[in-house]
Amino acid sequence: MSIFPKVLPDTEQASTAVADAQPGVRLSPLGMQLELLRLARGLSKQQLARSAGTSRQQLWRVMTGKSELTSTLCVRLASVLDVDSRTLSTSSLARGSGVASVGAQRPLAGAGTVRLGDYLASDEGVVRTLTTLPSGPDAIPLKRAVLEAVAQLARRATGTSPDWIQQIDARITNGQL
């Protein structure tokens with residue numbers, strides 16, 4: 001599995017940040033759950049899709065509600081994300097236990113649990129997360145969107161963005177990250 005610790009976000013803030021990071025895109029409750037789990041594990045959408053035996057496009061259709069999540073894909077995604085497949089079920093999400101249960105997932109093997117405040121305390125975790133994303137000029141908007149989502153979470157949690165956000169943004173812009 002992943003060497004990255006699981007980040008336990010404030011799920012309401014994280015949900016808004018993920019939605020804001022991808023303007024014009026409406027993720028389903030399942031999509032939001034998958035996105036939060038994917039980000040917490042430091043996986044790209046491509047890595048998640050490949051590991052679950054599907055295409056990135058099919059994963060995206062499931063996340064946006066354009067395709068149904070089959071039981072087979074549900075089990076494979078749950079295995080990759082190291083969660084119980086019931087947390088991805090439609091009935092679980094309908095009861096409101098979907099996105100809110102991100103913080104309740106069992107930790108990844110060999111990885112500690114990190115609280116959002118600890119994740120935001122330094123640039124280490126964010127840099128590590130960003131290095132798991134695709135690279136090159138086409139990836140800059142994605143990395144900036146993730147960084148903006150982190151900045152929004154920090155502003156909501158502390159009232160200000162950490163100083164290192166601007167430094168990381170400059171590294172992304174210069175192609176150093």
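Heavy-atom minimum distance, L43 versus T132: N-OG1, 4.4 Å. When all heavy atoms of D82 and R41 are compared, the pair lying nearest together is O-NH2, 3.9 Å. P134 approaches A139 most closely through the heavy-atom pair O-CB, 3.0 Å. Scanning all heavy atoms of the two residues, the minimum distance from A78 to D84 falls at CB-C, 4.1 Å. The two residues P137 and P141 have their closest heavy-atom pair at O-CD, 3.8 Å.
Within the 4.5 Å cutoff, the side chain of R76 has no heavy atoms near those of the V80 side chain. A 4.5 Å side-chain heavy-atom check between D123 and P162 finds every atom pair outside the cut-off. Residues L27 and E35 form a side-chain contact, since some pair of their non-hydrogen atoms from C-beta on lies under 4.5 Å apart. No side-chain heavy atom of R38 sits less than 4.5 Å from a side-chain heavy atom of Q47. Residues L88 and C74 form a side-chain contact, since some pair of their non-hydrogen atoms from C-beta on lies under 4.5 Å apart. The side-chain heavy atoms of W164 and V127, taken from C-beta on, include no pair separated by under 4.5 Å. When side chains are defined from C-beta on, T54 does not count as touching V62, because their heavy atoms never get closer than 4.5 Å. For the pair L37/L77, no side-chain contact is recorded, criterion being any heavy-atom separation below 4.5 Å from C-beta on.
How far CD1 of I140 is from OG of S135: 10.0 Å, rounded to the nearest 0.5 Å. Separation of atoms CD1 (I165) and CG (L147) is listed at 4.5 Å; rounding is to 0.5 Å. Rounding to the nearest 0.5 angstrom, the gap separating the CD1 atom in I172 from the CG atom in L130 is 5.0 Å. Atom CZ of R50 and atom CD of Q46 lie 4.0 Å apart (nearest 0.5 Å).
Every pair tested for salt bridge (charged side-chain N to carboxylate O under 4.0 Å, His left out) that includes a residue from residues 53-63 fails, sequence neighbours excluded, so the list is empty. Sorted by first then second residue, the side chain to side chain donor-acceptor pair (under 3.5 Å) pairs that include residues 165-177, not counting sequence neighbours, are R144-D169. Each salt bridge (charged side-chain N to carboxylate O under 4.0 Å, His left out) pair with one or both residues in residues 129-142, not counting sequence neighbours, would appear here, but there are none.
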Legend entry - Stepwise side chain to side chain contact (heavy atoms under 4.5 Å, CB included) test for S67 and Q58: CA-CA 8 Å; S67 289; Q58 179 60 26; 3.5 Å; yes
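The main-chain N or O of V75 is never found under 3.5 Å from a side-chain atom of S79 such that the two would form a donor-acceptor pair. No side-chain donor-acceptor contact under 3.5 Å links K45 to the backbone of L59.
Remark: T70 engages T72, L73 in a side-chain contact (heavy atoms from CB on, under 4.5 Å) (not counting sequence neighbours). Residues satisfying the salt bridge (Lys or Arg N to Asp or Glu O under 4.0 Å) test with R155, not counting sequence neighbours, are E148.
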